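Counting starts at 1 for both ligands and their atoms, in listed order. Quick caveat, the model's predicted, so the values are computed rather than measured.
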Amino acid sequence: MVKSYFPKTYRQALEILAKSNPAIIAGGTDLMVKKRRWSGLSPGFSEDMIFISQLRELDYIRRENGKIYIGANVTLEKLLHDKDIPEILKKAVASMASPGVRHTATLAGNIANASPAGDTLPVLYILNARIVIGSLERENVIQIEDFILGPGSIDLRRSEIIKEIIIDDTDFDFMMYEKVGGRKSDAISKVSFAAAVSSVFDMVTDMRIAIGAVAPTVVRIREFELQLIDTPVNEMAQISGLVKDLYKPLIKPISDQRSTADYRKMCVLNFIEEFLNKAGKRIGKEKDIDW
Ligand SMILES: Cc1cc2nc3c(=O)[nH]c(=O)nc-3n(C[C@H](O)[C@H](O)[C@H](O)COP(=O)(O)OP(=O)(O)OC[C@H]3O[C@@H](n4cnc5c(N)ncnc54)[C@H](O)[C@@H]3O)c2cc1C
C-alpha cells in the first residue's frame with residue numbers, strides 16, 4: 001500500500017525525503033493528469049507521496065540585491081499579481097492553463113515537470129534562473145539549463161527537493177514573449193519564444209533568446225548571444241537574416257498532434273525577425289515589453 005506524507009515544516013519534509021524517498025506532489029496539476037484513471041476512480045499513485053503545498057515556509061517572493069527569490073510553493077496565480085515579478089514572466093504565466101489551474105499549479109512544478117513545452121521555461125532561461133535544491137545534508141544551487149536534462153528528466157535525487165528559484169532582476173530595454181497555441185488560453189504550446197535586449201549609447205550590451213518546444217530542452221545559446229553584443233541598435237533589423245541562420249540548425253521540432261515540425265520552425269524564425277525589428281525601433285523610446 002502506498003503511503004502519503006503531510007509534513008508540517010520544511011525541515012520535516014527533508015527528514016521524510018531522506019528516510020523514505022517518496023515522490024513529491026505540489027499543486028498536482030501535472031501529476032493528477034499523469035496518474036488519472038477511468039472516470040469515478042481516484043488517480044492511481046503507485047509510490048509513496050509527500051504533499052508539500054501546505055508548507056507556507058516555501059510560499060514567498062523576495063526581491064534583494066538584484067535578484068528575485070521565488071519559493072517552491074508559489075503558485076502561478078500569485079506570480080501574476082506580485083509587483084516584483086518581471087512582466088515577461090507574468091506574460092508567460094498569463095498564457096498558461098486557466099485561473100483554476102493557476103491557483104494550484106506552482107512554478108517549481110512547471111520546472112520539475114521538464115516538459116519541452118513548459119511555458120515558463122524560455123523566460124526562466126533568459127532570466128538566468130538558478131534552482132536551489134534542498135536536502136537534509138546540504139543546499140545546492142544549479143543553473144536551470146544544467147538542471148533540466150531532457151523531457152521529464154531533471155537532476156534531482158529522491159532525497160532532494162526544489163526549495164526556491166532565483167532569477168535575475170534585470171532592467172532590459174525591450175522584452176518579448178510569444179506562445180503559439182491552439183487557442184488563447186488553456187492550450188499547450190506549439191512553440192514558445194522569449195527574448196530580451198539591453199543597450200548603452202545605442203549599442204547592444206546584452207541580448208538573450210530562448211526557444212521552447214523545438215528541441216528536447218529549451219534552446220538558448222550563449223555563444224550566439226555574445227556574438228550579437230556591440231551591434232548598433234539601428235542595425236538590429238538588418239542582422240535578422242544572419243541571426244536566423246545561426247539558430248536554424250538548432251531548431252529541430254517534431255511533428256505531433258499539436259503541430260507540424262515545419263510550422264513550428266517557421267513560427268520561431270518569424271519571432272526572431274519580429275524581435276529584432278521591434279527592438280531596433282523601440283529601444284531608446286521607452287522601456288517595455290511587447291504585450
Ligand atoms: C488543464 C491544464 C492546463 C495546463 N496548461 C499548461 C500550460 O498552458 N502551460 C504549461 O506549461 N503547463 C500547463 N499545465 C501543466 C501544469 O499546470 C504546470 O506544469 C504546473 O506548473 C505544474 O505545477 P504543480 O505544482 O501542479 O506540479 P505537480 O503536478 O505537483 O508536480 C509536477 C512535477 O514536479 C515535481 N515537483 C513539484 N514541486 C516540486 C518541488 N518543490 N521539488 C521537486 N519536485 C517538485 C513533482 O514531483 C512532479 O514530478 C496545465 C495543466 C492542466 C491540468
Side-chain angles (χ1 to χ4, degrees), residues 4-5 7 10 13-14 16-17 21-36 43 45-60 70-80 89 91-125 129 131-135 139-140 142 144 147-165 177-194 212-213 217-218 258:
S4 302
Y5 296 96
Y10 175 58
L14 296 181
I16 294 167
L17 284 164
N21 291 171
I24 296 168
I25 180 162
T29 60
D30 273 314
L31 281 177
M32 297 293 267
V33 175
K34 278 187 190 151
K35 303 289 178 185
R36 73 185 181 279
F45 289 100
S46 52
E47 55 192 339
D48 293 350
M49 302 300 298
I50 180 165
F51 290 75
I52 61 160
S53 63
Q54 72 285 2
L55 298 177
R56 300 276 56 99
E57 280 164 274
L58 300 183
D59 184 11
Y60 56 85
I70 302 168
N73 269 345
V74 170
T75 62
L76 299 178
E77 195 65 23
K78 184 166 179 161
L79 290 174
L80 266 186
L89 183 53
K91 188 174 179 194
V93 168
S95 77
M96 290 170 71
S98 54
V101 171
R102 290 198 300 259
H103 272 282
T104 40
T106 60
L107 183 64
N110 200 233
I111 297 168
N113 193 45
S115 160
D119 282 319
T120 64
L121 302 183
V123 175
L124 294 173
Y125 273 62
I131 314 300
V132 179
I133 297 170
S135 74
E139 206 163 281
N140 239 1
I142 178 165
I144 192 164
F147 181 70
I148 298 181
L149 304 173
S153 171
I154 52 174
D155 187 5
L156 191 80
R157 298 200 195 110
R158 291 297 293 240
S159 56
E160 295 175 331
I161 185 171
I162 299 176
K163 182 189 172 203
E164 70 180 3
I165 299 109
Y177 176 82
E178 291 298 333
K179 163 177 174 173
V180 181
R183 53 187 176 186
K184 283 224 169 223
S185 68
D186 231 344
I188 305 295
S189 284
K190 297 173 196 275
V191 291
S192 54
F193 176 89
T217 57
V218 167
R258 280 197 281 277

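A donor-acceptor pair under 3.5 Å is formed between the side chain of Asn110 and the backbone N or O of Thr120. Under a 3.5 Å cut-off, the side chain of Gln54 and the backbone N or O of Pro7 do form a donor-acceptor pair. Checked by atom type and distance alone, the side chain of Glu160 never pairs as donor or acceptor with a backbone atom of Ile133 at under 3.5 Å.
Distances below 4.0 Å separate heavy atoms of Val33 from the following atoms of ligand 1: 53 (C). Against a heavy-atom cut-off of under 4.0 Å, Gly28 is close to the following atoms of ligand 1: 24 (P), 26 (O), 28 (P), 29 (O), 30 (O). For ligand 1, the atoms closer than 4.0 angstrom to any heavy atom of Ala72 are 41 (N). Each of the atoms 24 (P), 25 (O), 26 (O), 30 (O) of ligand 1 lies under 4.0 Å from some heavy atom of Gly27. Less than 4.0 angstrom separates some heavy atom of Leu156 from each of these atoms of ligand 1: 43 (C). Residue Val101 has at least one heavy-atom neighbour below 4.0 Å for each of these atoms of ligand 1: 1 (C), 17 (O). Close approach of ligand 1 to Ala26 (heavy-atom distance below 4.0 Å) involves ligand atoms 25 (O), 30 (O), 37 (C), 38 (N).
When hydrogens are left out, the protein atom nearest atom 12 (N) of ligand 1 is Asn110 ND2, 3.7 Å; that is the closest non-hydrogen contact. For atom 53 (C) of ligand 1, the closest heavy atom belonging to the protein is Thr29 O, 3.4 Å. The protein atom (non-hydrogen) at minimum distance from atom 41 (N) of ligand 1 is Ile162 O, 3.1 Å. Counting protein heavy atoms only, atom 19 (O) of ligand 1 is closest to Asp30 OD2, 2.5 Å. Among protein heavy atoms, the minimum distance from atom 11 (O) of ligand 1 is reached at Asp119 N, 2.9 Å. Taking atom 13 (C) of ligand 1 as the reference point, the nearest protein heavy-atom neighbour is Ile188 CD1, 4.2 Å. Remark: minimum distance from atom 27 (O) of ligand 1 to any protein heavy atom is reached at Gly109 CA, 3.6 Å. The protein atom (non-hydrogen) at minimum distance from atom 46 (C) of ligand 1 is Ile24 O, 3.1 Å.
Using a 4.0 Å threshold on non-hydrogen atoms, atom 44 (N) of ligand 1 counts as touching the protein.
Taking CG of Leu76 as the reference point, atom OG1 of Thr104 lies at 8.5 Å (rounded to 0.5 Å).
Distances between N or O atoms of Ile161 and those of ligand 1 include no value under 3.5 Å. Ligand 1 has no nitrogen or oxygen under 3.5 angstrom from a nitrogen or oxygen of Ala112. Any N or O atom pair closer than 3.5 Å counts here, and Met32 shares no such pair with ligand 1. Ligand 1 has no N or O atom lying under 3.5 Å from any N or O atom of Leu76, backbone or side chain.
Scanning all heavy atoms of the two residues, the minimum distance from Tyr60 to Val74 falls at O-CG2, 3.2 Å. Listed here is the closest heavy atom pair of Ala26 and Thr106: CB-OG1, 3.9 Å. The shortest heavy-atom contact between Val101 and Thr29 is CG1-CG2, 3.8 Å. Here the closest non-hydrogen pair linking Gly134 and Glu139 is CA-CG, 4.5 Å. Nearest heavy atom pair, residue Ala213 against residue Val191, reads CB-CA, 4.0 Å. Across every non-hydrogen atom of Ala129 and Ile165, the tightest pair is CB-CG2, 4.2 Å.
At least one heavy atom of Gly118 sits less than 4.0 Å from an atom of ligand 1. At least one heavy atom of Ala187 lies less than 4.0 angstrom from ligand 1. Within the structure, the closest approach of Lys179 to ligand 1 falls below 4.0 Å when heavy atoms are considered.
The side-chain contact (heavy atoms from CB on, under 4.5 Å) test with Leu107 is passed by exactly one of Leu79, Val93, Ile162, Asn73: Leu79.
In this view, Arg102 and Glu77 satisfy the side-chain hydrogen bond (donor to acceptor under 3.5 Å, both in side chains) rule, not counting sequence neighbours. The ring pair (Phe, Tyr, Trp, His ring centres under 6.0 Å) search around Phe193 returns Phe271, not counting sequence neighbours.
In this structure the side chain of Tyr5 never reaches within 4.5 angstrom of the side chain of Leu17, judged on heavy atoms.
Looking at Thr106, Ile52, Leu31, it is Leu31 that brings a heavy atom closest to atom 49 (O) of ligand 1.
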